[in-house]
Structures are given as C-alpha cells and as structure tokens.
Amino acid sequence: MTLSVLRTVASLRDRVQIWRRAGERVAVVPTMGALHQGHLSLVEAAKTRAKRVIVTLFVNPKQFNNASDLAAYPRTEEDDTAKLTPLDVDVLFAPGVEEMYGSGFSTTVSVGGVSEGLCGAHRPGHFDGVATVVTKLLLQSGADLACFGEKDFQQLLVVRRLVADLNIPTEILGCPTIREADRLALSSRNARLTPEQRRIAPAIARTLFESAKRLASGEDATSTLDAARATLATAGFDRVEYVELRDAETLQPLAHVCGHARLLAAAWLGEIRLIDNVPVLPRNS
Ligand code: AMP
C-alpha cells in the first residue's frame, strides 16, 4: 500500500470519510517530524489498534516560545516519509502554516490545572499552542484513537484533559518512552547535541531513575530532589530548570511518594532543552 501525503484539511476529511463508510477504525499520531524510533513506536501502537493510521507532521509555530528554537527545529519530510512507508501508514498529513492558521485565525485552546507549573511555567504559551493544535488535529481527522508519548508527560495530561473537557470523542493512548542504550530518551532535539553534550545528556535519565529508586525506598523527597539537581549540574548541564516529584494524574507537587507519583526534569545543554520523566513506584506496590 502506498503512503498518501495530504496537505489540506478537505483532502484529509474526504479520505477519512471513505474509511468511515467502510466501518474502519482510524488512529492519528501527531508529530512535528524528524521521526525517530519513539515516534515509530506510537505508529506501531496505533497499527495494532486501528485499521487506518494517519501520521501528522506539522512544526507548530504556536507552541514555540523561542523563535530560534523554531528556526533550528529539524525539518526532514523526505526522510520521514521513507521511515513511514514500510510501516503501512495510510496518510501523512503535512499541512502548511497557512492551512492550519489561515488569515483571521483567533482561537486559543487553553487548559488550566495540569498546564500550570513545570514546562508550563518555563515555556509561556507552550501548552496553549499544543492544546490548540491538538484540538484542531483531532477534529480535522475525526480519529477514534490518538497516540501520544509519555516522554512528554505533561503534554499527555494536557491532551487527556482537553479531550475530556471538550467532549472530543477520541480515545487517548499514552505510550512508553523509547530510550537509547544509555537510557537517553529519544528526541528530535538530540540531533543538535555536540559530541560533548551527547556524552553528558544521559545523566538526566540516569539521575531520574536513581532518584526514583531512592524515593521508592523511603528516602526524603526534598533532599533527594536537591541531590538530583546538584548531580545534573555536576554532570555538566548548563542550567537545571526543574527536578520535581508530582502526582502522576494531577501534577500537583508531592512531599512524599504515595499512589501514582512521577519524577520529572528539564535541563539545558547550551541552547538545547532536554526533558525526561520516570514513574516512582511506592515500596509496597
Ligand atoms: P514531537 O514530534 O516531539 O512533537 O513528538 C510527537 C509525539 O512523539 C509526542 O506524542 C511525543 O511524546 C512522542 N515522542 C517523542 N519522543 C518520544 C520517545 N522517546 N518515546 C516515545 N514517544 C516519544
């Protein structure tokens, strides 16, 4: 089967309508391209749950709070198409900015609660941009299922919230983070790391896993988080934005590990901001 590259909402809707008439289940995997095995794992999860799979490729200007980050974001559509072809994806939906945000565009979807704090506090407007584009992509595709990575844990919760609040009839599937052999979470931004930065980068995952183990064994949260921040600075991160213990459903700060807890971090290597997160399982679970 050949992969169709569609660039207009009308052509996407026409295609989905044909599938719907045939009673076929449709999944969508939203991405900003520069595809790696993390994205492809979402596609594989989608394939096992729906007959038809749409991958979207749109570098969404509204979710970048930093113009140079947007300018430097990798754009590799030809390679992305080549990676999707063997996976039996039906459609690559790759609209231009004009198609997504035509003249007069004035609507913002803004999610409260889980959007606040963590990346929301450090990247003003970021989650409004994410929520707006994800709402559009879900409505444009009319998908039954949408797959998102736990790598962007706060984003996953923002999407779950908006779908519930706006009664969008799309099931949201969270998929595990895919990592390199040294446990660095795969990210399109990793391609921009210098060899020296790439050597330092896995410290973020290493520190999170180690700290999660300490927290699970009953060590004090404040001192464990302080030690984690210090470890990242010593490892060579230029700036540690946050290392936080949060409730995995509400993202409220936790003073102790209880129920579902998540440890989340963001840190900078030069101009590159890396994020990661891991579950913290209480001792008796
Ligand atoms: P992005 O292209 O960075 O916007 O990511 C598109 C989707 O891929 C989002 O749902 C991300 O959470 C997911 N994703 C990115 N990196 C990974 C990874 N290493 N493992 C699993 N999913 C990922």
Side-chain angles (χ1 to χ4, degrees), residues 27-49 53-66 69-70 72-77 79-81 83-84 87 89 92-95 100 114-115 118-119 123 126-138 141 143 145-163 170-193 198 201-202 204-205 208-209 248 262 264-266 272-279:
V28 66
V29 179
T31 82
M32 295 203 299
L35 300 182
H36 51 63
Q37 196 52 45
H39 299 112
L40 303 185
S41 73
L42 305 186
V43 174
E44 282 155 12
K47 265 320 298 183
T48 64
R49 290 165 176 85
V53 174
I54 302 160
V55 173
T56 72
L57 191 179
F58 181 61
V59 182
N60 175 30
K62 289 194 186 290
Q63 72 186 72
F64 286 80
N65 56 313
N66 176 325
D69 191 26
L70 173 61
Y73 204 84
R75 288 164 170 83
T76 58
E77 185 179 318
D79 285 359
D80 294 343
T81 309
K83 286 178 184 162
L84 293 174
L87 295 186
V89 168
L92 177 67
F93 178 54
M100 290 297 269
V114 291
S115 284
L118 305 172
C119 293
R123 301 185 69 188
H126 170 67
F127 285 121
D128 283 1
V130 169
T132 302
V133 82
V134 169
T135 301
K136 285 174 67 71
L137 291 168
L138 297 183
S141 65
L145 173 76
C147 301
F148 291 86
E150 289 182 349
K151 155 78 172 37
D152 299 281
F153 195 77
Q154 190 173 13
Q155 169 175 282
L156 172 61
L157 296 191
V158 168
V159 171
R160 286 195 194 287
R161 188 72 254 165
L162 78 85
V163 163
T170 306
E171 179 195 341
I172 304 301
L173 180 71
C175 299
T177 302
I178 305 299
R179 298 176 179 281
E180 302 278 8
D182 59 11
R183 304 224 266 186
L184 174 66
L186 267 57
S187 164
S188 306
R189 290 191 172 85
N190 293 353
R192 291 169 54 204
L193 297 170
R198 176 62 187 82
I204 196 165
L208 286 177
F209 280 111
R262 201 94 189 172
L264 306 101
I272 300 157
R273 183 176 181 274
L274 297 182
I275 58 170
D276 202 349
N277 66 90
V278 301

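Indexing begins at 1, ligand by ligand and atom by atom, following the structure's order.
- Neither the backbone nor the side chain of Val29 has any atom closer than 4.0 Å to an atom of ligand 1 (non-hydrogen atoms only).
- Under a 4.0 Å criterion applied to the non-hydrogen atoms of Pro176, ligand 1 contributes the atoms 20 (N), 21 (C).
- Under a 4.0 Å heavy-atom criterion, Ala34 is not in contact with ligand 1.
- Ligand-side atoms of ligand 1 in range of Phe148: 10 (O), range being under 4.0 angstrom from any heavy atom.
- Annotation: the span from Leu57 atom CG to Thr76 atom OG1 amounts to 7.5 Å, rounded to 0.5 Å.
- A salt bridge does not link Arg183 with Asp276: every distance from a Lys NZ or Arg NE/NH1/NH2 to an Asp or Glu carboxylate oxygen is 4.0 Å or more.
- Ligand 1 places these atoms under 4.0 Å from at least one heavy atom of Pro30: 6 (C), 7 (C).
- In this structure, of Gln155, Glu150, Gln63, His39, the residue bringing a heavy atom nearest to atom 1 (P) of ligand 1 is His39.
- Within the structure, the closest approach of Arg179 to ligand 1 does not fall below 4.0 Å when heavy atoms are considered.
- Regarding atom 4 (O) of ligand 1, its nearest protein heavy-atom neighbour is Met32 CG, 3.7 Å.
- Rounded to the nearest 0.5 angstrom, Leu173 CG and Leu145 CG are separated by 5.5 Å.
- The one candidate from Leu87, Val55, Leu186, Val29 that meets the side chain to side chain contact (heavy atoms under 4.5 Å, CB included) condition with Leu40 is Leu87.
- Close approach of ligand 1 to His36 (heavy-atom distance below 4.0 Å) involves ligand atoms 15 (C), 16 (N), 17 (C).
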